[in-house]
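Data block below; observations after.
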Amino acid sequence: MKLLVIGGSYFLGRVFVMQAGKEHDVTVVNRGSLSVESLGAKQIKGDRRDAALWGKICEDIDAVVDFCAYEKGDIARVLRNIGGSVKQYIFISTLDVYRRGLGGVKTEEAPFEAREFPGEAGAYITGKVALEQELREACREKGIEYTVLRPAFIYGPFNYAPRESVYIRLMVQNHVLPRITDAAGTFQLVYVKDAADAAVRCLLNPAAYGQAYNLCPGEAVTYEDFYRALKTAADVEAETLPVTAAEAQRMGIPLPFPVTPEESELSSGEKGRRELGLAYISLEEGMARTYRAFKGVYMPAAD
């Protein structure tokens, strides 16, 4: 297949290119911050907001996989201006599109969030909600099949977000592992390779046409589970540092997941398992792989 990946040099996009590039012809469009040519992909450098960029892509594309659409207009601009034909458009959205405060476990049919929240996180949610509607309308207008993937919190190698990598750095460099003692929130984590595999399984897959899938294991995770998985993964001596959530914030230790039950929102990944055969490795195995990857980055250089 000929794949056009938008984004693709960081984290989930990079892992997808690494996997898909083994079997498919992959071209990545991004701003060129990181090269993907070493992964066997071709690279086109440019800003997705430049309509002229898409007119230069004249070959027919089997599937577009979009990892970096965040603002209204991002998808419509691509499909309005691209020079070649497109059979399928796969959009990486988020579980955050669902309305908060509904209770229970959300399926793909749950209502979307219609409220606007302040700050960067609020803009992110508003953008993803708008883009899902934009995707459906733009693809139907042009006769293109579409698929939406809504991952939970993604973790794993190449993660640039200040989540598990910060805790691993503290273990490797400072020999301490924070243990948040009063966090009562629950959340879901998906290993990056599992999320990338879900996108691969959707490529020109008729079962995925016109569908949305939550990417999340069934079990809910707590900060205590997160702590235990990191503790088990570590092969260095790291002293446990018991801190409250408030103390962690004062110390600059990130709290990357919901801390309270009121903040917690859970979703079901059963549809993806049933229709696409998705599977997820355990938190313990995923964190062990993540630890090994980041340890090499954070380990102090030998004199």
Side-chain angles (χ1 to χ4, degrees), residues 11-12 70 92-132 148-156 159-168 170 177-192 194-195 212-231 240-270 272 280 282-283 286-287 290:
F11 200 30
L12 175 57
Y70 299 116
I92 310 303
S93 184
T94 172
L95 292 179
D96 286 335
V97 295
Y98 297 125
R99 186 181 301 167
R100 281 157 174 67
L102 293 176
V105 178
K106 301 181 184 69
T107 67
E108 287 80 356
E109 288 71 41
F112 279 10
E113 184 58 76
R115 295 167 292 180
E116 292 191 7
F117 298 99
E120 186 176 332
Y124 176 80
I125 295 169
T126 298
K128 291 292 189 180
V129 169
L131 284 164
E132 288 212 25
V148 178
L149 299 178
R150 301 172 184 150
F153 290 105
I154 306 174
Y155 73 100
N159 191 0
Y160 55 86
R163 294 177 182 161
E164 71 280 358
S165 62
V166 176
Y167 286 72
I168 294 171
L170 288 171
L177 174 58
R179 183 176 193 171
I180 313 302
T181 58
D182 62 343
T186 54
F187 43 93
Q188 290 159 300
L189 298 174
V190 58
Y191 185 60
V192 62
D194 292 339
Y213 297 98
N214 298 335
L215 304 185
C216 52
E219 69 275 8
V221 176
T222 66
Y223 270 90
E224 185 65 15
D225 297 327
F226 177 63
Y227 162 81
R228 283 200 300 266
L230 284 170
K231 187 74 171 177
T240 297
L241 176 65
V243 290
T244 65
E247 289 169 339
Q249 287 183 308
R250 287 196 295 270
M251 297 169 66
I253 299 170
L255 298 170
F257 313 116
V259 173
T260 68
E262 292 74 23
E263 297 173 288
S264 303
E265 304 282 343
L266 301 178
S267 298
S268 169
E270 179 56 34
Y280 302 96
S282 68
L283 176 64
M287 208 58 74
T290 304

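A quick note: this is a predicted structure, and the numbers were derived from the prediction, not measured.
Here the side chains of Leu189 and Tyr191 are not in contact, with every heavy-atom distance at 4.5 Å or above. Looking at heavy atoms from C-beta onward, Leu12 lies in side-chain contact with Ile92 at the 4.5 angstrom threshold. You'll find the side chain of Gln188 stays beyond 4.5 Å of the side chain of Val221, heavy atoms only. Taking the side chain as every heavy atom from C-beta outward, Val97 and Ile125 never approach each other to under 4.5 Å. The side-chain heavy atoms of Ile180 and Thr244, taken from C-beta on, include no pair separated by under 4.5 Å. Two residues are said to be in side-chain contact when any heavy atoms from C-beta on lie closer than 4.5 Å; Asn214 and Pro151 fail this criterion. Within the 4.5 Å cutoff, no side-chain heavy atoms of Tyr213 are placed close to those of Val148.
The nearest pair of heavy atoms linking Tyr280 to Val190 is CE2-CG2, 3.7 Å. A pairwise comparison of heavy atoms in Leu95 and Ser267 identifies CD2-OG, 3.7 Å as the closest pair. Considering all non-hydrogen atoms of both residues, Ala220 and Asp225 come closest at O-OD2, 4.0 Å. A pairwise comparison of heavy atoms in Tyr155 and Ser282 identifies OH-O, 3.9 Å as the closest pair. Ala229 and Leu283 make their closest contact through CB-CG, 3.9 Å (heavy atoms, listed as atom of the first residue, atom of the second, distance). Considering all non-hydrogen atoms of both residues, Val105 and Ser268 come closest at CG1-N, 3.4 Å.
Of the N and O atoms on the side chains of Tyr160 and Ser165, not one donor lies less than 3.5 Å from an acceptor on the other residue.
The stretch residues 112-129 participates, sequence neighbours left out, in these side-chain hydrogen bond (donor to acceptor under 3.5 Å, both in side chains) pairs: Glu113-Arg115.
Note that CE of Met287 and CG of Leu230 are 5.0 Å apart. Values are rounded to the nearest 0.5 Å. The line from OH of Tyr98 to OG of Ser93 is 8.0 Å long, rounded to the nearest 0.5 Å. To the nearest 0.5 Å, atoms CD (Glu219) and SG (Cys216) are separated by 9.5 Å. Atom CD1 in Ile253 sits 5.5 Å away from atom CG in Leu241 (nearest 0.5 Å). Thr240 contributes atom OG1, which lies 6.0 Å from atom CG of Leu177 (distance to the nearest 0.5 angstrom). Between atom CD1 of residue Ile154 and atom CG of residue Asn159 there is a gap of 8.0 Å, rounded to the nearest 0.5 Å.
Looking at residues two or more places apart in sequence or on another chain, you find a salt bridge (charged side-chain N to carboxylate O under 4.0 Å, His left out) between Glu265 and Lys106. Applying the ring-ring contact (aromatic ring centres under 6.0 Å, His included) rule to Tyr167 yields the partners Phe226; only residues at least two apart in sequence or on another chain are considered. Shown here are the salt bridge (charged side-chain N to carboxylate O under 4.0 Å, His left out) partners of Arg179, two or more places apart in sequence or in another chain: Glu224. Contacts of Phe153 classified as ring-ring contact (aromatic ring centres under 6.0 Å, His included), with partners at least two apart in sequence or in another chain: Phe257. Residues satisfying the salt bridge (charged side-chain N to carboxylate O under 4.0 Å, His left out) test with Asp194, not counting sequence neighbours, are none.
Using a 4.0 Å cut-off between charged side-chain N and carboxylate O, Glu132 and Arg150 make a salt bridge.
A side-chain donor-acceptor contact under 3.5 Å links Glu263 to the backbone of Thr260.
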After noting the C-alpha distance and the side-chain angles of Val243 and Thr181, does the key distance pass the side chain to side chain contact (heavy atoms under 4.5 Å, CB included) rule? CA-CA 6 Å; Val243 290; Thr181 58; over 6 Å; no
